[in-house]
Enquirer: 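Before I ask anything, let me first share the structure, which is written out below as structure tokens.
Letters A, B, ... mirror the listed sequences (proteins, then strands); counts begin at 1.
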Amino acid sequence: MSSKYNVFNLIRQGLQGHTGWQAQWREPELKSTYDAVIIGGGAHGLATAYYLAKNHGMTNIAVLEKGWIGGGNSGRNTTIIRSNYLYDASAAIYNHALKLWTTLGRDLNYNIMMSHRGVLNLAHDEGEARTLKRRVEANRLNGVDSEWLDAKQVKEFCPPISIDEDMRYPVIGGTLQRSGGVNRHDAVVWGLARAADALGVDIIQQCEVTSIRTDAGEVTGLETTKGSVKTPKIGSVAAGHSTIIADMVDVPLPIESHPLQALVSEPLKPLIPCVVMSNAVHVYVSQSDKGELVIGAGIDPYVSYTQRGSFDIIEHQMASLMELFPIFSRLRMMRQWGGIVDVSPDASPIISKTKVKGFYINAGWGTGGWKATPGSGHVFADLVANDTPNAIAAPFSLERFVTGDLVAEHGAAAVAH
Amino acid sequence: MATSDKLSETLADRPDRLSALSHRSPLTGDDGLLMREATHLGKLVLRLAETEAETLKIKALEGAGLPTQPCRSSVSHTGTVSVLWLGPDEWMVVSQAGTEEALQTRLHSELSGRHFQLSNVTDYYTCIDIAGHQNREILMNLSTLDMHNRTFSAGQIKGSIFGHANAYVWQLHTEPGASEIFRLIIRSSMADYLWCLVSRSARLFGMPEDTPISGEKLVI
Amino acid sequence: MATSRQKSGLRTEQGGHINRGKPIHFTFDGKAYQGFEGDTLASALLANGVHMVARSFKYHRPRGIVAAGSEDPAAIVQIGPDAVETDPNTRVTEQEIYEGLMASAQNCWPSLSFDIGIANDVLSDFIPAGFYYKTFMGPPLSWMRFEPIIRKAAGLGVAPTNRDPDQYDSTNRHVDVLVVGAGPSGLAAAKAAADAGARVILAEETNSLGGALLSEPEDSVSLGGKPSDAAIEKMAADLEANPDVTVLTRTTAFGYYGDNFVGLWERVTDHQAPLDRGKHVPRQKIWRVRAKQVILATGSLERPMVFDGNDRPGIMLAGAVRTFLNRYGVLCGHKAVIFANNDSAWATAFDLQKAGSQIAAIVDVRRKISGELLQMAAERGIPIFAGSAIVGTKGRSRVTAADIRLVDETGAISPKSNWINCDLIATSCGWAPNVALFSQSRGKLYYDDDLQAFRPGASWQQERSVGAANGSYDLQDCLDEGRKAGAAAASDTGFKKRIPKVLKASHSMLLQTDLQIIPQVPSPKVAKKVRAFIDLQDDVTTKDIKVAIQEGLHSVEHIKRYTTTGMGTDQGKIANLNAFAFIADHLGKSVPDVGVTTFRQPYKPVTMGALAGQHVGAHFMPRRTTAMHPWHRAQRDVIFEPVGDWLRPRAFLRDGEDFQQAVQRETKAARTGIGVLDASTLGKIDVRGPDAREFLNRIYTNAWSKLSPGKCRYGLMLKEDGMVMDDGVTACLADDHFHMTTTTGGAANVLGHLEDYLQTEWPDLKVYLTTTTEQTAVASICGPGCDRLIADLLDDLDPDPETFKFMDWRDAHIQGIPVRVFRISFTGELSYEINIDASYGLWLWKKIFAQAKCEGGGYDITPYGTEAMHVLRAEKGFIIVGQETDGTATPIDLGMNWIVKKSGDFVGRRSLTRSDTSRDDRKQLVGLVTEQPDYVLMEGTQIIATQEEGTAPVPMLGHVTSSYLSPNLERSIAMAMLESGRSRVGQTLYASRKGDSAMAVRVVGTDFLKEREDGNI
Amino acid sequence: MFVIDCPWCGERDMSEFSCGGEAHIARPEGSEQMNDEEWAQFVFIRKNSKGRYAERWNHAAGCRRWFNLLRNTATDQILAVYKMGDAEPNVSTEEPVTPSGEAPIGSGNDAVKLMKPGEAL
């Protein structure tokens, strides 16, 4: 690793005009053989590589990214971190991730600006309250921090929320996960890349996989725009493009890729102290350290790979936001963008072996993958290294769609963000 | 719910019968802008195969055929019955208040033997008529339909979304020189929402703004 | 040379498109100023000698006005008299002044001139790009400790504190041709398209038509023989007179989306004094335009020079200086230095001088300059520094001097400093076509080596770029291109009428020629001391970009994100190209090889309230109400429950009662007296056709072949994954005719689901569906002996339960009005549902109460709400889809095997036999009774096996789906989904409770009334 | 946000329609004979193609008819609209250059498309 990041080095470099900082990761040539190849240089892919190298000693591995690392959903999400999921399997993986998040910055020697400022999930009617309380109860027994707040407590925790009873969707309460929060997505990507690189992982950007070679049902290598590679193990972490990668080895996936939009406001002085999520009116909002309100919008109901969504989704999003935060009306939307989310039928991820030996899939995170990043990478690395899912990953196999043992988080009305 | 023609006529006049917008009064704005509910118009949904509709002559419709050209309507000789195209195998028969039961009976007997469906939706929908030369502009605030007179002319009927409510908009046939009238056919339960949204859009043209009924206590 | 300059003032005595007859008073940062009608806040402040208006984002450095339009990077202020109507981050170059306007500086404390935050600037050596990532990782410098401090320092303006009093509108338009930008090419395009007969919208961002022509000196350009002002006026008048043309000023095309959908944002009243704003006029308006053809005439944007010390107030774009002078009659300085790499800035020098400013120098990096220009400058006595550059500046809140030196071919600069005093530096690094909207339309850009800028290449949508937006900088070219494009666009939409001849311009304006880019002006300082700003709002210097590259961030997107260049409220409109050029230069690549960051929507920030439009507050979403709603509302104290979009009464409170007491009373009344429920909201679908039975067989889990007319049956509908989707009672009206009911919230879904199967899977089935939900109002009357009341009500039907059996229906009349009566029950009590045409719903409802209370009636009748309904059905063990089920329950899980037919396919059938779905240890529906009869479990409570919770993770066996205090059972009851639930009947388990020991519960059957009869409770 | 040319009502804003996912997936007959895997294939597996993609749409706010629509999911360009039961029409479109690549123009991804030197304007 290049020089350690700390305040002393920062001052030293400041005095030298910052000419001494080294590249955070190398730009290596693609080698002809790797012990494993991870397809997809987003945060999940880089985390997988990082843990493969760190925990499993697999350092002759490569991460192949068709564009620039972190340019997909990693660089496009609203960075909400929480683990208050209903089912045991979900709570286990997201809470595993949350624990890793709390020290990830230190582990990587990279400040990922992890801010445990709390995540509020609002309830607007009895049905929602019932569902959320069920979650709080399950969370408590699963050791996930989560509590129920009444409307007044919601207002105390986040003063700009309107709890006016005359609203179309009045706030009757909500849940709070105090350990939830937000972080800086780019920093996570760069920190993981820097740490993985330091362990010897080759991060190859502008390198698109064009086909995968198999022999007798086993992975033997792959072709890329930068040449061919021999490898016995491939982990696909390609988010919205998962189907396309899996198609290369004829592994059908229960996944559809949809555009999801997000937007930010102009920067403002501190306005809301936490993350606020509302399922009923479809609002997900927090304020970045730069002062921008970061707002998650809706998913378009059709398959698209364009990273562009519909304008009316943004309009509806704004109307919803005004319902919860009437004081936002005079603020301005500064930038909007879209990502391609890989949606699975039960709104839970797929972390699985496939019928092709050596081909592993990590996909289906839908609109909520960011929060799982280190957990996802950690357990997927385990799977790739050992060829067996560990206890946390096991419930998320592809098999469940055949047997019917789904982890139906959307059925439980959990907001997937 | 079959009943005699005579009875239904008397029923229509009963004061106890309330339309969905009976709590609203007609509103007027500048330059003849007018909005009011057209109450209790008879409305029947007729479903029938498109192929049959093309050739079928239904006496009960008094000369109004089943239009097979999308988004078109037809009118009876008397001008009292209109048939609106809602879909390739779906029409709405609009008639004068109180006549729907009798019409339904006649249609039923005329169509018997065929595969069809006839449903009385008189109370399912109500109608908001908007007259005056700004009415197209007002509707543009509510829907993505092209309301220009090049693309929306008298007799046309289109289903769309108005604000957040599904509804049909139908341009009535009016006398030459008379003010154009657009008729919104809207579900009764959402009528107040759309009424208020129309009045809000019309506020720029001098119409008073009605606000949706609200204030119900939702929180214990 | 004649000058018309006031001795101390900066306002010219004549000229400009302002109304000198109408002075306007306003304040900035508490100080009173005067401007004229037609001024922007920027021009009015500059006329008062105020350049510094803001502090930058990161280092809190003084920021002045740089540009004259929406591209200005950092001159943003807070507008508004109070915290309610305040508008943060408002660009002074766009805000028009009005009488009483109050503006104030933001992002500074205690004041604009003395800002504590400047400490960041002093420490700037230690806070380079990526600074945060390198520290605050853990003890003792933890991020959570520092974050609040940083958050307070970051952010620019302050949000309002109260609800916005203003209204916003949005509207839709379909046009043949949308023209964006009303400069010479846009005007020509709109005119040509309109003359051909097309429907046209012309959208102009500023308050007047004319574009770049407005920045020319008065009467200096003529079009078709008329002075440009008059020519523009004529064109505007022609357009206005055409009923198929809409001209919108103060309107920005902010987003170009799919299929030629363009969002326009009109600021309707922002330029008016509050008292002048029409009462019903929206503050702002979104125009949602669907255009058959789009013409982009969005002009070009000038790039500033990047050099050490280039961020001081008073350092402006040369074109902007000229706009302020000629459009607004404002001199931006008394003593100016021009710094350029192309011809256009020389015009600024000549105009300024003519208006009375002293031109201290024209500094041009080019060694070869046209003889004509040199001669013009010489005639005017302006000192020329060719092959030279400004390599440093002085001044705190305003530039005071520039260091001008020779630069040789190698980039080396002459060693001797040459400071020249000045109060204005006007820079130009060339002009770049404004391709933001083109790029949003997903067209392909093309890098033009002559312009050193990107131009529109191949279009993707039905779009044409014209004039400066297309890289055509000559006035006549702009007019010609516009006219041609307008005519062609109209022709493509079917309007082929011949259009008038070409408009001839008197002469070409002095435009950019012989551009010579130097990505960064060299500096005599050591590298680390050089502060040449690329992004003036976010304080990104060339040094920051160098650090990013050195640290291995080589993609333009990475560099953008690492340094935040182009990420401010201006989105880098004038900064981005300089950044790309600098990166390219530093990496030894060409600009197109480096690439471009995305031009995202919106083109400039758009008010969220405007985007929400009219769909806020009372108009946010439709609220559906039943025919009986007026009666419900009129009751003194009613709590309502939103169900889907419907509003249903939840409980009718009587004097002194609280909610729970009311529910207990209502629930009791429905089993002991007579209860009446408004059940109108249930979904209703008319199903008719010879194959209707077969259709029902396929979409419900049970069999429908034998149900005879006059009878009803309960049905359960699954999705293909085997999970319960909806339920309801369906009545057989005739052999081929059924009346289906659905849940209140599921009605629309079910109809969609059924139509989907009919139209796409089974088009051979002869069945028609029509929704009739709102056609009928429904009063559900239940309670022992309610048949007597029903008998009193009905004209012609004996409801005797012996003859009118459970699950029968009959037609009848009440006072001659037809009704349909169903003997179905959701409570387990004797119960009738009366369906009546909705227009009689309220009458029926009142009639029921009148009948019950009339003489000889004397029924104990109680209206009850949805909460009592929930308790009643739970007492009987009936499920509510969406409460007991959550999309993960099969009929088997719910203990409803009886409703799943033994043979024949139906939607979802195959999923029930999957290996994990058919296991018998799945969660199953059971009843629970608590050890303490008066203790009501919280819905959502988890069930565990032991009284002691132990430490997490605690194995959970299931959860409580419904839980009530039952007045009829005189104890609490609950339903739960429990692992292997049915085999646990009789077991004692525990309901976990936060902060309390778990409550013992006994597993029982779900029909509590029966359980009591059987002695189990 | 595209315009959809409803086979009956003509061009209307997308907001009037609802998308029903991939087209041409017939509900299997004789599902009792299918194994779990085959059944899962029908219920859950979708092609999710990048490029040409046939899907079902419903003109929910208009004529309520279902129809098929052929769209390029890499650019959102609509290639054809055809009725239920009709076969997928053979319309050519600019497919992504590589399996996961972008269409040469019109893709929302990597939003700024640059022309190569010498590429015709």
Enquirer: Side chain to side chain contact (heavy atoms under 4.5 Å, CB included) for C/Thr888 and A/Tyr87? Distances and angles first, verdict last.
Expert: CA-CA 12 Å; C/Thr888 65; A/Tyr87 291 114; 3.6 Å; yes

Enquirer: What residue, out of A/Gly127, A/Ser320, A/Ala193, A/Gly181, has the most heavy-atom pairs lying under 4.5 Å from chain C?
Expert: A/Ser320

Enquirer: Between C/Arg922 and A/Asp405, is the closest basic N to carboxylate O distance under 4.0 Å?
Expert: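 No salt bridge links A/Asp405 with C/Arg922.
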
Enquirer: Walk me through whether C/Leu553 and A/Trp25 qualify under side chain to side chain contact (heavy atoms under 4.5 Å, CB included).
Expert: CA-CA 9 Å; C/Leu553 297 138; A/Trp25 53 84; 3.6 Å; yes

Enquirer: Can you check whether A/Glu266 reaches C/Ile76 side chain to side chain, under 4.5 Å on heavy atoms?
Expert: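 Counting from C-beta outward, A/Glu266 and C/Ile76 never come under 4.5 Å.
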
Enquirer: Can a side-chain donor-acceptor contact be found between C/Tyr133 and A/Gln24 if the only test is distance below 3.5 angstrom?
Expert: no

Enquirer: Does C/Ser142 form a side chain to side chain donor-acceptor pair (under 3.5 Å) with A/Arg106? I'd like the steps, not just the answer.
Expert: CA-CA 10 Å; C/Ser142 91; A/Arg106 244 177 297 158; over 6 Å; no

Enquirer: Are A/Glu137 and C/His959 close enough that a side-chain donor and a side-chain acceptor fall under 3.5 Å?
Expert: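 No.
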
Enquirer: Distance check, rounded to the nearest 0.5 Å: C/Ser915 atom OG versus A/Glu399 atom CD?
Expert: 8.0 Å

Enquirer: Could you tell me whether the side chain of C/Asp125 and the main chain of A/Gly14 form a donor-acceptor pair under 3.5 Å?
Expert: no

Enquirer: When you compare the side chain of A/Asn109 with that of C/Met137, does any pair of heavy atoms fall below 4.5 Å?
Expert: yes

Enquirer: Does the Lys NZ or Arg CZ of C/Lys994 fall within the cation-pi geometry relative to A/Trp148 - under 6.0 Å from the ring centre and within 45° of the axis?
Expert: no

Enquirer: Of the options C/Leu611, C/Val616, C/Val606, which is the one that meets A/Met318 in a side chain to side chain contact (heavy atoms under 4.5 Å, CB included)?
Expert: C/Leu611

Enquirer: If we define contacts as heavy-atom pairs under 4.5 Å, which of A/Trp190, A/Phe328, A/Tyr169 has the most with chain C?
Expert: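 With the most close heavy-atom pairs to chain C, the winner is A/Trp190.
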
Enquirer: Could you tell me which residues satisfy side chain to side chain donor-acceptor pair (under 3.5 Å) with C/Arg914, sequence neighbours excluded, listed by chain and number?
Expert: C/Thr917

Enquirer: Is there a donor-acceptor contact under 3.5 Å from the side chain of A/Arg308 to the main chain of C/Gln440?
Expert: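 Looks like yes, one N/O pair under 3.5 Å.
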
Enquirer: Which region of A/Gln206, side chain (C-beta onward) or backbone (N, CA, C, O), has a non-hydrogen atom less than 4.5 Å from a non-hydrogen atom of chain C, or is it both or neither?
Expert: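 Interface part for A/Gln206: neither.
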
Enquirer: Are more than 12 heavy atoms from other residues, nucleotides or ligands located less than 6.0 Å from atom NZ of C/Lys152?
Expert: no

Enquirer: Please verify the inter-ring angle class for C/His558 with A/Trp68; under 30° counts as parallel, over 60° as perpendicular, anything in between as tilted.
Expert: perpendicular

Enquirer: Where on C/Ser962 is there a heavy atom nearer than 4.5 Å to chain A: the side chain, the backbone, both, or neither?
Expert: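 Nothing of C/Ser962, per the 4.5 Å heavy-atom cut-off to chain A.
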
Enquirer: To check you understand the geometry: which heavy-atom pair defines the closest contact between C/Phe126 and A/Ile11, and what is its length?
Expert: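 Heavy-atom minimum between the residues: CE2-O, 3.5 Å.
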
Enquirer: What's the separation between atom NE2 in C/His615 and atom CZ in A/Arg168, rounded to the nearest 0.5 Å?
Expert: 14.0 Å

Enquirer: If I measure from the heavy atoms of chain C, does A/Asp88 come under 4.5 Å with its side chain, its backbone, both, or neither?
Expert: side chain

Enquirer: Can you tell me if C/Lys604 uses its side chain to pair, donor with acceptor, with the backbone of A/Met334 under 3.5 Å?
Expert: no

Enquirer: Output the option from A/Leu263, A/Thr19, A/Asn6 having the highest count of non-hydrogen pairs under 4.5 Å with chain C.
Expert: A/Thr19

Enquirer: State, with a plain yes or no, whether a side-chain heavy atom of A/Arg330 is found less than 4.5 Å away from one of C/Thr86.
Expert: no

Enquirer: Just do the side chain to side chain contact (heavy atoms under 4.5 Å, CB included) check on C/Arg561 and A/His185 with the steps written out, would you?
Expert: CA-CA 10 Å; C/Arg561 285 155 181 264; A/His185 51 11; 4.1 Å; yes

Enquirer: If you take all heavy atoms of C/Met144 and A/His116, which pair is closest and at what distance?
Expert: SD-N, 3.1 Å

Enquirer: Could you tell me which of C/Gln614, C/Arg288, C/Arg919, C/His619 has the largest number of non-hydrogen atom pairs under 4.5 Å with chain A?
Expert: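 Heavy-atom pairs under 4.5 Å are most numerous for C/Arg288.
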
Enquirer: How many angstroms lie between atom CZ of A/Arg140 and atom CE of C/Met956, to the nearest 0.5 angstrom?
Expert: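 Rounded to the nearest 0.5 Å, the CZ-CE separation comes to 9.5 Å.
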
Enquirer: Which value, rounded to the nearest 0.5 Å, describes the distance between A/Arg332 atom CZ and C/Asp87 atom CG?
Expert: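 A/Arg332 atom CZ to C/Asp87 atom CG measures 6.0 Å (nearest 0.5 Å).
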
Enquirer: Quick check for you: to the nearest 0.5 Å, what is the distance between A/Arg134 atom CZ and C/Glu939 atom CD?
Expert: 12.0 Å

Enquirer: Which atoms form the tightest heavy-atom contact between C/Arg623 and A/Met167, and what is the distance?
Expert: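 Closest heavy-atom pair between C/Arg623 and A/Met167: NH2-O, 4.2 Å.
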
Enquirer: Using a 4.5 angstrom heavy-atom cutoff, name the option from A/Ser310, A/Gly71, A/Ser265, A/Ser115 with the most pairs to chain C.
Expert: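 Going by pairs under 4.5 Å, I would pick A/Ser115.
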
Enquirer: Taking all atoms of both residues into account, what is the closest heavy-atom pair of A/Leu268 and C/Asn89, and its distance?
Expert: CD2-ND2, 4.1 Å

Enquirer: Would you mind reporting whether A/Lys290 and C/Met567 have side-chain heavy atoms less than 4.5 Å apart?
Expert: yes

Enquirer: Nearest heavy-atom pair of A/Asp289 and C/Glu147: which atoms, and what distance?
Expert: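 That would be OD1-OE2, 2.6 Å.
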
Enquirer: Can you say whether C/Asp645 sits under 4.5 Å from chain A via the side chain, the backbone, both, or neither, judging by heavy atoms?
Expert: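 For C/Asp645, heavy atoms of backbone and side chain both lie under 4.5 Å from chain A.
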
Enquirer: Do C/Ser992 and A/Leu141 have side chains that approach each other closer than 4.5 Å (heavy atoms only, starting at C-beta)?
Expert: yes

Enquirer: Can you confirm whether A/His282 is buried at NE2, in the sense that more than 12 heavy atoms of other residues, nucleotides or ligands lie under 6.0 Å from that atom?
Expert: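 Atom NE2 in A/His282 is not crowded, with 12 or fewer foreign heavy atoms closer than 6.0 Å.
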
Enquirer: Side chain from CB out, backbone as N, CA, C, O: work out which of these in A/Phe401 comes under 4.5 Å of a heavy atom of chain C, or both, or neither.
Expert: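 Just the backbone, heavy atoms under 4.5 Å.
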
Enquirer: Minimum heavy-atom separation for A/His18 and C/Val547, please, with both atom names.
Expert: CB-CG2, 3.8 Å

Enquirer: Is the shortest heavy-atom distance from the side chain of A/Asp164 to the side chain of C/Arg163 under 4.5 Å?
Expert: yes

Enquirer: Quick one: which of C/Thr90, C/Leu647, C/Thr161 has the most heavy-atom pairs under 4.5 Å with chain A, could you say?
Expert: C/Thr90

Enquirer: Counting heavy-atom pairs closer than 4.5 Å to chain C, which one of A/Gly291, A/Gly17, A/Gly404 comes out on top?
Expert: A/Gly404

Enquirer: Looking at A/Leu15, A/Ile314, A/Leu321, A/Leu271, which makes the most heavy-atom pairs under 4.5 Å with chain C?
Expert: A/Leu15

Enquirer: Could you measure the distance from the CD atom of C/Gln550 to the CH2 atom of A/Trp21? Nearest 0.5 Å is fine.
Expert: 9.5 Å

Enquirer: Are the side chains of C/His870 and A/Glu126 in touch, meaning some heavy atoms are under 4.5 Å apart?
Expert: no

Enquirer: So, A/Lys269 side chain and C/Ala154 main chain: donor-acceptor pair closer than 3.5 Å or not?
Expert: yes

